[in-house]
Amino acid sequence: MGRGKADGKPRKRLVTTVLLLAIVGALFYLYSRKNGSSSIEHGSKSVKFGDDSAIPKTIPVCDDRLSELIPCLDRNFIYQTRLKLDLTLMEHYERHCPMPERRYNCLIPPPPGYKIPIKWPKSRDQVWRANIPHTHLATEKSDQRWMVVKGEKIGFPGGGTHFHYGAGKYIASIANMLNFPNNVINNEGRLRNVFDVGCGVASFGGYLLSSDVIAMSLAPNDVHENQIQFALERGIPAYLGVLGTLRLPYPSRSFELAHCSRCRIDWLQRDGILLLELDRILRPGGYFAYSSPEAYAQDEEDQRIWKEMSALVGRMCWKIASKRNQTVIWVKPLTNDCYLKREPDTRPPLCSPNDDPDAVWGVKMKACISRYSDQMHRAKGAGLAPWPARLTTPPPRLADFNYSTEMFEKDTEYWQQEVTNYWKMLGNKIKPDTIRNVMDMKANLGSFAAALKDKDVWVMNVVPENGANTLKIIYDRGLLGTVHNWCEAFSTYPRTYDLLHAWTIFSDIIEKECSPEDLLIEMDRILRPKGFIIVHDKRSVVLSIKKFLPALHWVAVVTSNVEQDSNQGKDDAVLIIQKKMWLTSESIRISE
């Protein structure tokens, strides 16, 4: 009897607890609905573009916990779907995009207390703490001076794992090692494009800019939380990515210098495949600056790695250009001669003549050496003009597309005029420091970016994956960019660009039968509050987009040719949009 009575009490308590939890859950749900709280539901119903009856009056706001969502680099998505990935190959840091039914069709909210970012050039050295409320690196890397917390701001002293005394001095030391005139890293304009792998918060790339050198700073969305977000908040070019199993989204022969400062990459794995990927993207005569214990340490393991790495790069025909203290710099050959003189069956092998070294979207890395084209071999180099003449000089690789010098010059002239018109339309909406981070969503030859040369901005030039692979022309002009499929989310954090240029990209998306509504929501995710979008497309497309503005919290700044009769010949129109600054009720409550 006693035992039976004792069993009843816990059962009663369990029922009571379940009922209480159910009541609390219901109250929380009702509170959330009342306060317009955000949704974390997937696959909200999509509407038909151009169907007035289906245009939403509002688009739900995502849960505050999604304020830093990167849809195709979302670790929660990987966990929930139980993707079978090889962690040793860094596959979990590569892109894995959700299917349409699992997408968050909602607007990403800013974090509590969000402020309009500090303007360039001050932003290189400080950002608002509220905008990226992560201070872990300030503690973990305190001895290396990556970043320091200063009240409401986070400061960046310019330090790094192998340059505690500042990136500026470190960059000058690299120039000195290479005997560049006056210890200036740009080598009188001959060194322009740099690839910085494992970049941290991108201080190396940030300090290169004053020498007219531009770096693509790359790091994964890993335990060093938000490092690329910090870089972009600072106004420094950066991209989320990893040396894993897929080729980097850059064409061959894009960079004069690759750099790794204690990037903790196993360069010997898989027959040196990661080093061979660097080799693919380096120009003839390009350099790899490597600052790491293997270059100087005396313990047995580091010496073993150094010996094996030296043997590998030797078989790749690299030579040591300079070695000093903690840094070694290798240089690539200018021609194919060394490759052709190697012993038969030397590894790594040369890539098949049928391999396209510029095919990168979704293409697996290959453990082989990409030989130079006949043109580069004969020219004994890339044949590019020094910067800044490089920007407007027709590059030799134009011939790969059968483009003439005249076509190149006309394209440059056309976009110079278009940019002039855009800025006239913007009028007093922008000042010289309003815009810093720019994205051209369909860059073609990069002439839109070239037309911005006198403005203090940098441009991420995006070339769609299914068109002419003109990204190598963009790099040959001394600019930066990547390949992308706009049916998917871009590899960047929310609120990272000040201006998006969308030239015919919506027409392309409609033709591919992807969702233009999804693209609008993705553009809102990428764009900073108070940022601008320039839509240049068919008149019918522009009119459809205009109807979505209230639901997106966007406002039309100015239009051109939108209301004209399409029978008048010219069917394109321009709509310039500004994103409003808005906060969720939770953000306002916490910030107050």
Side-chain angles (χ1 to χ4, degrees), residues 28 31-32 35-41 58-77 103-120 122-123 125-140 146-156 201-202 219 221-236 238 240 436-437 489-498 500 521-531 552-554 578-592:
F28 178 78
Y31 175 81
S32 298
N35 287 276
S37 192
S38 24
S39 168
I40 54 173
E41 294 180 359
T58 61
I59 296 175
V61 175
C62 299
D63 191 279
D64 286 333
R65 290 169 292 178
L66 298 177
S67 68
E68 293 175 351
L69 176 70
I70 312 163
C72 293
L73 295 168
D74 181 10
R75 285 195 290 272
N76 288 328
F77 170 72
R103 292 176 182 170
Y104 294 101
N105 292 319
C106 50
L107 304 180
I108 303 294
Y114 181 86
K115 300 180 180 182
I116 297 300
I118 294 169
K119 304 300 184 184
W120 182 267
K122 289 182 179 179
S123 63
D125 301 326
Q126 57 183 1
V127 302
W128 293 116
R129 179 178 178 178
N131 291 8
I132 311 178
H134 300 284
T135 58
H136 172 67
L137 286 175
T139 304
E140 182 184 336
W146 279 32
M147 50 186 269
V148 294
V149 178
K150 298 179 177 179
E152 290 188 336
K153 297 177 182 177
I154 294 174
F156 300 89
V201 293
N221 182 24
D222 64 6
V223 293
H224 287 159
E225 56 185 19
N226 305 79
Q227 50 193 339
I228 291 298
Q229 189 179 17
F230 279 119
L232 291 165
E233 184 77 7
R234 297 172 69 186
I236 300 170
L240 275 164
R436 173 60 184 171
N437 300 354
F490 192 77
S491 293
T492 192
Y493 284 88
R495 303 171 300 279
T496 45
Y497 286 86
D498 301 297
L500 306 179
I521 291 172
E522 171 62 4
M523 291 168 72
D524 183 81
R525 185 186 73 86
I526 294 171
L527 192 65
R528 287 171 169 172
K530 297 287 187 181
L552 289 159
H553 305 288
W554 295 355
Q578 187 171 26
K579 178 179 176 177
K580 292 180 182 178
M581 176 72 169
W582 56 268
L583 295 170
T584 63
S585 56
E586 178 69 7
S587 297
I588 293 170
R589 184 185 69 77
I590 294 175
S591 62
E592 288 175 346

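For clarity, every value in this text was computed on a predicted model and none was experimentally measured.
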K.L.:
Do we get K153 above W128's six-membered ring, with its NZ or CZ under 6.0 Å from the centre and within 45° of the axis?
P.N.:
yes
K.L.:
Which heavy atom of Y114 sits nearest a heavy atom of A130, and at what distance?
P.N.:
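Heavy atoms of Y114 and A130 come nearest at N-CB, 4.4 Å.
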K.L.:
Check whether Q126 reaches the backbone of G155 with its side chain - one donor and one acceptor, N or O, closer than 3.5 Å.
P.N.:
no
K.L.:
Would you give the length of the straight line joining atom OG1 of T492 to atom CD1 of I526, rounded to the nearest 0.5 angstrom?
P.N.:
7.0 Å
K.L.:
Quick one: sort the W582 and H553 rings into parallel, tilted or perpendicular, breaks at 30° and 60°.
P.N.:
tilted
K.L.:
If you compare all heavy atoms of P109 against all heavy atoms of S67, which two are closest, and at what distance to 0.1 Å?
P.N.:
O-CB, 3.2 Å
K.L.:
Determine whether Y493 and I132 make a side-chain contact, defined as any pair of heavy atoms from C-beta on separated by less than 4.5 Å.
P.N.:
no
K.L.:
Please report the shortest heavy-atom distance between R234 and A202, naming the atom on each side.
P.N.:
NH1-C, 4.1 Å
K.L.:
So, for D524 and I108, which heavy atoms are closest and what is the spacing to 0.1 Å?
P.N.:
OD2-N, 4.5 Å
K.L.:
Identify which one of R436, K579, R528 satisfies the salt bridge (Lys or Arg N to Asp or Glu O under 4.0 Å) criterion when paired with D498.
P.N.:
R528
K.L.:
Is there a donor-acceptor pair closer than 3.5 Å between any side-chain N or O of N131 and the backbone N or O of K115?
P.N.:
yes
K.L.:
Within a strict 4.5 Å, meaning less than it, do heavy atoms of the L107 and L552 side chains meet?
P.N.:
yes
K.L.:
Does any non-hydrogen side-chain atom of R495 lie less than 4.5 Å from one of P529?
P.N.:
yes
K.L.:
Got I521 and Y104 here, is their nearest side-chain heavy-atom distance under 4.5 Å?
P.N.:
no
K.L.:
Which pair of heavy atoms, one from M581 and one from I116, lies closest together, and at what distance?
P.N.:
SD-CD1, 4.2 Å
K.L.:
Side chains of I59 and N105: closer than 4.5 Å at any heavy-atom pair?
P.N.:
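No. Closest side-chain heavy atoms not under 4.5 Å.
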K.L.:
Working to the nearest 0.5 angstrom, can you tell me the gap between R103 CZ and F77 CZ?
P.N.:
10.0 Å
K.L.:
Taking N437 for its side chain and L232 for its backbone only, find out whether a donor-acceptor pair lies under 3.5 Å.
P.N.:
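Present.
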K.L.:
When you measure from the side chain of R525 to the backbone of A489, do you find a donor-acceptor pair of N or O atoms at a distance under 3.5 Å?
P.N.:
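Not at all, since once roles are kept as given, no pair shorter than 3.5 Å links the two residues.
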K.L.:
So, for V61 and C106, which heavy atoms are closest and what is the spacing to 0.1 Å?
P.N.:
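V61 and C106 have their closest heavy atoms at C-CB, 4.0 Å.
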K.L.:
Are any side-chain N or O atoms of R75 and backbone N or O atoms of N221, one a donor and one an acceptor, separated by less than 3.5 Å?
P.N.:
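Answer holds: yes.
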K.L.:
State which residues pass salt bridge (Lys or Arg N to Asp or Glu O under 4.0 Å) with E68; sequence neighbours excluded, sorted by chain then number.
P.N.:
none
K.L.:
Could I get the full list of ring pair (Phe, Tyr, Trp, His ring centres under 6.0 Å) partners for F156, not counting sequence neighbours?
P.N.:
F230
